[in-house]
Amino acid sequence: GITVFAAASTKTALDDIAAAYTADTGQNITFSYAGSPALARQIQLGAPADLFISANPGWMNVLQDEGLIDAGSRVDLLANRLVLIAHGTAVPPLNLETTDLAGLLGEGRLAMALVDAVPAGIYGKAALAALGQWPSVAPKVAQAANVRAALALVASGEAPMGVVYATDARASAGVSVIAAFPQDSHPPVIYPAAAVAGGNTGEAKAFLAYLRSPKGRDIFLQHGFGVPDQ
Amino acid sequence: MLTVSLQHALPAFALDVRFEAPPGVTVLFGRSGTGKTTVIQAVAGLLRPDQGRVTLDGDVLCDTRQRQWLPPHKRRMGYVFQEGRLFPHLTVRQNLAFGQWFAPRDAKQESLDRVVELLGIGPLLLRRPGLLSGGEKQRVAIGRALLSAPRMILADEPLSALDEARKAEILPYFERLRDEIGIPMLYVSHSAAEVARLATTVVVLQNGKVQRQGTAAEVLGDPAVMPAGVRAAGALLQARVARHHSDGLTELDAGGVPLFLPQIAKAPGSVVRIRISAHEVILSRQRPEGLSALNILPGTVEHLRTGGGPGAMVSLTTPAGRVLARVTRRSAHALGLEPGAECHAIVKTVSIAPEDIGGG
Amino acid sequence: MLTVSLQHALPAFALDVRFEAPPGVTVLFGRSGTGKTTVIQAVAGLLRPDQGRVTLDGDVLCDTRQRQWLPPHKRRMGYVFQEGRLFPHLTVRQNLAFGQWFAPRDAKQESLDRVVELLGIGPLLLRRPGLLSGGEKQRVAIGRALLSAPRMILADEPLSALDEARKAEILPYFERLRDEIGIPMLYVSHSAAEVARLATTVVVLQNGKVQRQGTAAEVLGDPAVMPAGVRAAGALLQARVARHHSDGLTELDAGGVPLFLPQIAKAPGSVVRIRISAHEVILSRQRPEGLSALNILPGTVEHLRTGGGPGAMVSLTTPAGRVLARVTRRSAHALGLEPGAECHAIVKTVSIAPEDIGGG
Amino acid sequence: MSAEAAWLGPEEWQAVKLSLRVSLWATLAALPLAVLTAYALARWQFHGKQILNSLVHLPLILPPVVTGYILLMVFGTKGPIGGALQQIGIVFAFRWTGAALAAAIMAFPLMVRAIRLSVEAVDPRLEQAAATLGASRIMCFATVTLPMILPGLIAGTVLGFAKAMGEFGATITFVSSIPGQTQTLPSAIYTFLQVPGGETAALRLTLVSIGIALTALLLSELLARRAADRAGGR
Amino acid sequence: MSAEAAWLGPEEWQAVKLSLRVSLWATLAALPLAVLTAYALARWQFHGKQILNSLVHLPLILPPVVTGYILLMVFGTKGPIGGALQQIGIVFAFRWTGAALAAAIMAFPLMVRAIRLSVEAVDPRLEQAAATLGASRIMCFATVTLPMILPGLIAGTVLGFAKAMGEFGATITFVSSIPGQTQTLPSAIYTFLQVPGGETAALRLTLVSIGIALTALLLSELLARRAADRAGGR
Ligand SMILES: Nc1ncnc2c1ncn2[C@@H]1O[C@H](COP(=O)(O)OP(=O)(O)OP(=O)(O)O)[C@@H](O)[C@H]1O
Ligand SMILES: Nc1ncnc2c1ncn2[C@@H]1O[C@H](COP(=O)(O)OP(=O)(O)OP(=O)(O)O)[C@@H](O)[C@H]1O
Ligand code: MOO
Ligand SMILES: [Mg+2]
Ligand SMILES: [Mg+2]
């Protein structure tokens, strides 16, 4: 079997597909889920990974520049969407282009992932900037360590609104998606995947192919991920 | 007055005592492990007895039946512990002052300077207890208890770590506490000299029980109970100071008999207590002449007790009171000492030891 | 033989001593805070002196000049500490056995049972030290040191927490250690009786210096150096056991003079040491008759020392040796006691105290 | 200070100051409670003692993120305690006070453990002696126990302070990372570590963090040595 | 056990077992070194004492992620020490041994502090007494010091064990989160918290984690109480 280093946010979907893969091929897959930066650094320092699925193209680029991945195998595996959520069920949607987000927040905070460090935060900041909301909203942003923590802030009602991935918002009770950010307001949310140089690239590629097979795509879609066109 | 009634079971030891300590000094006497410290701790409130009642001057300190309990810090007991228990983080001066901080403002206070001088601990004031010698520690512990303006003093072998000279200096101070300040004391001691000098009452403990209680004269005069053995037996007599002589002797009047001893600081007319240790008395049928011993008490043999050993304890009635003499059976026989026989008790002046003199 | 030469400066205290301790018991005598414990600690290796040299039977324990240093655990000193220092986490039995574990296999070992019986600590064996009374702790500490098969015993006031009866039981044991096992001892004590009984040599310390060193007889007989004051002065005499009488008395021959004392367990012919405390001697010009006191030593006044007080110290030469008597100046005058005067020293049988008898 | 200010960016400098404030407050505010808890655990017998003990240790056992979540649930404005406190004007959410609360809770078990060990080492007979000299329970504690446990107290406090300086998971989960409000040094370091090439900046902040904590440590060693000498009677 | 096995998924059960193994090894392996370090810091005077002290405390001061990163750089297969050790067959990187190393290093300061406080509370005069009875330094330590510091030793060990059970940041950064190899309970909890709907699973694992650590804690309290009674001479 091979070892897959994958961004933690892909866990449920990947576990499901791997189960199917094992059933189909008899091959076991071992996953190590953690934050993409940690995984990338570990690969830099010799981790026994065969396949890397990053939530962050930046870190994949770094590995590619250092020749640590099999560049030929790199694909954009998954896509995601950025949405605005609010605390509570059945909160009416709003129009991101016309609403004064800062005014709506009032004293409240906008929960986001770290806006300069974590992809979801970086994308969110870009989108808000593109929409002209960033200057007024920036002082009200509460930056969480990751998307899930931002979601938790909204779910608990601590922050009235937050910016998270569609995949996260779907599964959470107690929050409503009140707007989706336009695709063009931020760089595409892409999860690149690539076989790690020096690993079992053959099997890594086989599994990667399985992930991109219709069976794999279906499961990703079920979990709310987008699947970039090939 | 202190009344004590205690029952307390410890693993392998059971305490069951009941005694009253009239004003003055009550000495707890008894061999190692007979419960002396345990009694004192219960009086101090450091031990909660299974059952018991302790009162001081009518105030209930502890009554298990009525569920009354006065915590130790409200009892104001000046406790000199057997093992010192100085506060290691405080200097000697701070240790001494500790009790003063908590003493009621209106309480009679000993002055720090006086206590320091008495105990000879002036040079130690700025040191910490860790750097003191054994005797130095114990002296500081005594000072600390004295300075807390206590209603009562509990002293657990306070002098045993001290050299004889220091003991001789400090004993009179305990006496003064008893006589001048009138502070009651419960005092553990193994030394007959200390008992004779200080005790108003002696409580003899044995295996956690009161074996005997009585005045110092009664208990010290009874060889059967003396835990220290016959060598500690002796008589306590009352005498009145008659006059002071120019050669440094004080003449006492003990029931009409003159007794001489080295000058004592008491005004003529005052009553003192003297101890005559049984083993220091020599008996003679005729009135002896030409001896260096100045004190000769005429008397009559009251009774004579012999044991298995070569000794005999003779008690005499004299005008001064009952006197005990420890002689050999051989001498008793040679001199024909039988009840009713007249004889003379010879006591050396200086053998009426300064330590054995207490205010009556 | 132990040779000690030490210089050590402590804050507010400077030690500078040099003495030799011949085989037998060397008693360190001196007032509180004069450095007795400090000396013992240096001998044990618990204190590294600034300068000094300590040897035992030729083995160098410490020599600061030659940078030699034998660590304490190699010195095999049986140290009875002034403050007990029992191991709180071990039972009494384990405390006692502690030293045995580390003793060389071939060392002469006291038996645990014998020591336990002697010290009366059998019932305590399974307890932990936290639950012992003060005297019990000290007895265990003595036992622990004795059981470690020591080359030498260092005892720092080992008996001061014990009652008289217990002291009287344990003292002979120290004597046996000295006489039968021949183990050398350095022994701190405040008690003249203990000194008289045990000491081969007495080293008197004062303010960190050796004030006087000598045999027990010399030092105890010199009122000027007795730290305990004049009351502890007395003479030590050699005598031979003459015979045992059926009435429980033993007759001694002291230079031709018969002396009687309660039976002692020595075979006729053996030499014993007896102590005659100066304040227990009565003097008479004529030979007294009809007294209960059996012991009368004829002698000649050697000299007479008077001080500011009412007392005088008379030293007599008698066939038995030099005897000291403490009398009043008044008596000295009345009896015409001047150098050269003939007189008799009267000593009560029983006042030759059992504690004051040591093997010669 | 100005050298450091130049070396660090303004936002980093802010994080340093905030971390100091948060850690100091966290340790100082937790200290009395830690002493009380330690004393209770060491000396008193009461029902629920083991439960208290377990509660105290929970933050040590739990992954910090979980602790952060629990804090959010309990002390958030919608939480049972947080909501109640909000009524009387005490707010933790997104405030530096919340960061201090998180740090205090994470540091608490360390402080309690150290102090408790010290309390257990104090001979109760000394407290008894103080009582016979007229000192009430509280005065006994203040005049005897407290000075004698000072080494442990100092050790515990510095341990707590160091922990508070390093605490990250619970803090960021509870109060997120708002520059000047809740962005402590570890948050800032974490941020740098998330982006490629951020290592140098992270290292710089790490050094600052180490510098501060070690200074505290050395100071405490000095203090503890003196306190121990005193408690040892020298 | 089988009830628990059924309640937990196989991978979770694996994480529980791994966490136990990692924490036990971490604490047991660190213990002798912790005792030595604590004793040295408490009793010996030597050059570099403060440096040693600082080093010991570093893992407490640093955010765990930074510690993990440093471990990765030093003990990773490409790191200076990790590379050398690999030559002789000792590998930490991405093995459970690495998780244990990380846990041990994180737990170390807690253990040292607790033990050190206990050592400082032992009256050196008792060790002197042992020496006069013939006990060499080592025997003094084994027969007197060690039994007397037992309460602190137990406290430190359990503190360390609890910390090791909860350690996450350094572990996941150093050895990643590979099921059966390096995925400890906290890593598993973290991963569950990162995915939608993972809260229930996270809660379940958290409860297991709490259960284990509290059991250890209660056990240690019992042991420590007995040890303290003995050390107190009762
Ligand atoms: N806490 C305790 N638990 C069990 N036994 C105890 C405890 N304290 C004292 N004892 C035992 O109770 C008895 C009486 O002890 P106590 O300390 O009162 O004796 P003491 O008369 O003061 O003796 P000493 O003269 O030796 O000091 C002793 O046998 C002692 O071992
Ligand atoms: N570590 C120390 N530092 C400073 N001074 C000390 C130290 N140890 C002892 N001293 C002082 O040195 C002197 C001698 O102490 P030592 O314990 O030897 O006296 P001692 O003769 O044994 O007295 P005691 O009969 O009271 O036990 C004392 O004044 C004491 O205060
Ligand atoms: O790298 Mo993530 O998916 O933001 O934890
Ligand atoms: Mg006692
Ligand atoms: Mg001494």
Side-chain angles (χ1 to χ4, degrees), chain D residues 41 49-50 53-54 57-67 69-70 109-110 113-118 120-124 151-152 155-156 158-159 161-163 165-169 173 185-187 189-190 193 199 202-203 205-206 209-210 212-214 216-218 221 224 228 231-232, chain E residues 41 49-50 53-54 57-67 69-70 109-110 113-118 120-124 151-152 155-156 158-159 161-163 165-169 173 185-187 189-190 193 199 202-203 205-206 209-210 212-214 216-218 221 224 228 231-232:
Chain D
L41 288 174
K49 181 166 166 175
Q50 282 317 322
N53 192 25
S54 304
H57 281 81
L58 264 192
L60 197 74
I61 297 161
L62 293 177
V65 180
V66 174
T67 307
Y69 271 108
I70 296 174
L110 306 186
R113 265 289 178 185
I115 299 170
R116 178 177 169 181
L117 274 179
S118 296
E120 282 168 351
V122 172
D123 190 340
V158 170
L159 212 60
F161 179 79
K163 175 73 203 170
M165 284 295 296
E167 211 307 299
F168 158 66
T173 309
L185 263 179
S187 300
I189 293 171
Y190 178 77
L193 282 180
E199 288 87 356
L203 180 69
L205 290 183
T206 301
S209 173
I210 292 177
I212 293 172
L214 287 193
L217 192 69
L218 288 178
E221 287 288 331
Chain E
L41 289 175
K49 181 166 165 174
Q50 281 317 323
N53 192 24
S54 304
H57 281 80
L58 263 192
L60 197 74
I61 297 162
L62 293 178
V65 179
V66 174
T67 307
Y69 186 41
I70 294 173
L110 306 186
R113 266 288 179 186
I115 299 169
R116 177 176 169 182
L117 274 178
S118 295
E120 282 169 352
V122 172
D123 190 342
V158 170
L159 211 60
F161 179 79
K163 175 74 201 171
M165 284 295 296
E167 209 309 298
F168 152 67
T173 310
L185 263 179
S187 307
I189 293 170
Y190 174 79
L193 283 178
E199 288 86 358
L203 180 67
L205 290 182
T206 302
S209 170
I210 293 177
I212 293 171
L214 288 193
L217 192 69
L218 288 179
E221 287 288 330

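Atoms considered below: every heavy atom in the structure, side chains included; atoms not considered: hydrogens, waters and symmetry mates. Since we're looking at a predicted model, the values are computed, not measured. Note on naming: letters A, B, ... go to the chains in the order of the sequence lines (proteins, then strands), and numbering restarts at 1 for each one.
D/I61 touches chain E through backbone and side chain together, each having a heavy atom under 4.5 Å away. Only the side chain of D/I189 comes within less than 4.5 Å of a heavy atom in chain E; its backbone stays farther off. Heavy atoms of E/L217 lying under 4.5 Å from chain D belong exclusively to its side chain. Neither the backbone nor the side chain of D/E167 comes within less than 4.5 Å of any heavy atom of chain E. Residue D/N53 touches chain E through both its backbone and its side chain, counting heavy-atom pairs closer than 4.5 Å.
Comparing E/K163, E/E120, E/M165 by heavy-atom pairs within less than 4.5 Å of chain D, the highest count is held by E/K163. Between chain E and the residues D/L41, D/L62, D/L203, the most heavy-atom pairs under 4.5 angstrom are made by D/L62. For chain D, the option among E/A155, E/G169, E/P186 with the highest count of heavy-atom pairs below 4.5 Å is E/A155.
The distance from atom CD of D/Q50 to atom CG of E/L214, rounded to the nearest 0.5 Å, is 10.0 Å. Here the straight-line distance linking atom CG of D/L159 with atom CZ of E/R113 works out to 6.0 Å at 0.5 Å rounding. Atom CG in E/L60 sits 11.5 Å away from atom CZ in D/F161 (nearest 0.5 Å). Here CG of D/L110 is found 5.5 Å from CG of E/L110. Values are rounded to the nearest 0.5 Å. Distance check, rounded to the nearest 0.5 Å: NE2 of E/H57 to CD of D/E221 gives 7.0 Å.
Residues E/E199 and D/Y69 are not in side-chain contact: their nearest non-hydrogen atoms beyond the backbone lie 4.5 Å or more apart.
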